[in-house]
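First up is the structure itself, then whatever we jot down about it.
Throughout, residue positions are numbered sequentially from 1 according to the sequence presented.
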Amino acid sequence: MLPASLDEAVSAMAESPGAVPVAGGTDLMGAVNAGLLRPMALLGLGRVAELRGWQYQDGAALLGAGLTHARMARPDFAALIPALAEAAATVGPPQVRNVGTLGGNIVSAHPAGDTLPVLAALEATVTLVGPEGGREVAVSHLLTGLDPLRSGELLAYVRVPLLHAPQVFLKSGGRTGPSRAVASVALVLDPARRAVRCAVGAVAPVPLRPLEAEQWVAGCIDWDGERTVDPGVAQAFGEYVASACVPEPAAEVAAARTDAAPTTARLRRTVSVLARRALGRALK
């Protein structure tokens with residue numbers, strides 16, 4: 001099935017509830033080739049032009065779910081949502097970035113999905129459309145299953161508030177060059193609310209928000225001055241984030257697996273460094 005509009009796509013999904021939507025197919029075809037998925041039918045969204053662009057709407061950017069990572073990595077988009085552009089630029093090799101989409105990254109919900117912590121930190125929402133109309137859901141609720149996709153629904157748009165303030169995405173991979181994240185950190189400043197928002201990716205099934213660490217460091221920033229913090233504050237923030245998002249292994253796990261504690265310690269150090277650097281770059 002190859003619908004030419006969003007309305008046609010919704011109608012096709014209603015007629016074939018078992019169909020699996022596909023845009024770039026980078027995750028879907030990997031699952032099919034590995035024998036993990038056998039879809040009854042595929043609903044190709046490549047011809048639905050309204051899903052491939054973006055528009056401004058009430059102080060936010062309404063992004064089509066079909067936006068590719070390569071498109072988001074371009075300078076004009078980076079000027080709009082810098083952290084999302086930074087994350088998109090790190091997604092795999094060029095051939096993956098050229099076809100992989102924002103909506104696919106969200107629906108696949110892989111723990112190491114690079115755009116996911118950015119969307120969590122920006123408190124983005126998604127528009128889901130189906131036979132009964134459209135509804136808006138927080139990205140975090142969709143990822144955690146608090147408000148999942150319903151039968152016949154498609155993810156059409158991603159609504160991202162435009163903060164017009166510094167935002168950073170950093171990740172650590174298992175090797176040099178494009179690679180899957182071992183840990184990633186997205187951090188955004190929200191001067192209007194005098195807030196710092198941070199999300200850590202790849203260390204858990206969904207991005208984690210260290211809320212207490214956010215509130216603490218926001219109270220250390222001189223919002224009316226140069227927006228600087230003491231280096232000791234940045235170091236403490238990194239450790240605070242790491243301890244909140246990478247818990248110590250249970251005693252019985254550590255006893256059964258002698259490598260558990262060292263692995264956790266390395267991951268904590270990685271998250272701590274990423275969070276500290278992200279804060280430093282945002283406050284420059």
Side-chain angles (χ1 to χ4, degrees), residues 1-33 36-72 77 80-81 84 88 91 96-110 113 115-116 118-120 122-162 206-207:
M1 295 179 285
L2 293 171
S5 69
L6 186 56
D7 288 342
E8 288 184 15
V10 172
S11 298
M13 282 292 291
E15 295 171 3
S16 302
V20 177
V22 57
T26 54
D27 288 330
L28 175 66
M29 296 315 298
V32 170
N33 292 337
L36 303 176
L37 183 66
R38 288 288 183 265
M40 296 174 56
L42 294 178
L43 179 69
L45 300 176
R47 295 172 57 193
V48 184
E50 57 207 281
L51 298 183
R52 297 200 299 270
W54 70 80
Q55 57 185 292
Y56 300 101
Q57 186 183 84
D58 301 326
L62 193 66
L63 313 178
L67 271 174
T68 65
H69 300 301
R71 183 65 188 89
M72 291 188 288
F77 190 91
L80 188 72
I81 312 174
L84 193 54
V91 175
V96 171
R97 294 196 296 273
N98 287 338
V99 295
T101 64
L102 177 62
N105 214 206
I106 297 170
V107 174
S108 295
H110 192 283
T115 66
L116 304 186
V118 178
L119 297 174
L122 289 168
E123 297 183 344
T125 61
V126 296
T127 300
L128 307 177
V129 295
E132 298 179 0
R135 62 191 181 100
E136 194 166 353
V137 175
V139 168
S140 58
H141 288 184
L142 183 66
L143 294 176
T144 57
L146 288 175
D147 205 344
L149 274 165
R150 299 169 186 169
S151 177
E153 282 188 329
L154 292 169
L155 195 161
Y157 302 102
V158 182
R159 186 178 186 276
V160 180
L162 296 177
V206 297

Any idea which heavy atoms bring Pro161 and Ala124 closest together, and the distance?
CD-CA, 4.4 Å

To check you understand the geometry: which heavy-atom pair defines the closest contact between Ala9 and Leu154, and what is its length?
CB-CD1, 3.6 Å

So among His141, Arg135, Glu136, which one has a side chain to side chain donor-acceptor pair (under 3.5 Å) with Thr125?
Glu136

For the residue pair Ser140 and Val206, establish whether any side-chain heavy-atom pair is separated by less than 4.5 Å.
no

Does Val20 reach the side chain of Val22, with side-chain heavy atoms less than 4.5 Å apart?
no

Between Glu153 and Leu128, the two heavy atoms sitting closest are OE1-CD1, 3.8 Å

Identify the heavy atoms of Gly66 and Thr101 that sit nearest to each other, and give their distance.
O-CG2, 3.6 Å

Quick one: does Asn98's side chain get under 4.5 Å of Thr68's, heavy atoms only?
no

Contacts table for residues 44-65: side-chain donor-acceptor under 3.5 angstrom, sequence neighbours left out:
unit_1, atom_1, unit_2, atom_2, d
Arg47, NH1, Leu2, O, 3.0
Glu50, OE2, Leu6, N, 3.1
Arg52, NH1, Gly46, O, 2.5

Mind checking whether His69 and Thr115 have side chains closer than 4.5 Å, heavy atoms only?
yes

Are the side chains of Leu119 and Leu102 in touch, meaning some heavy atoms are under 4.5 Å apart?
yes

Identify the two heavy atoms, one from Ile106 and one from Leu143, that lie closest to each other, and give their separation to 0.1 Å.
O-CD2, 3.6 Å

CG of Asp147 to CG of Leu142, rounded to nearest 0.5 Å, is 7.5 Å

Is there a side-chain contact between Met13 and Pro21 in this structure, where contact means two heavy atoms from C-beta onward sitting under 4.5 Å apart?
yes

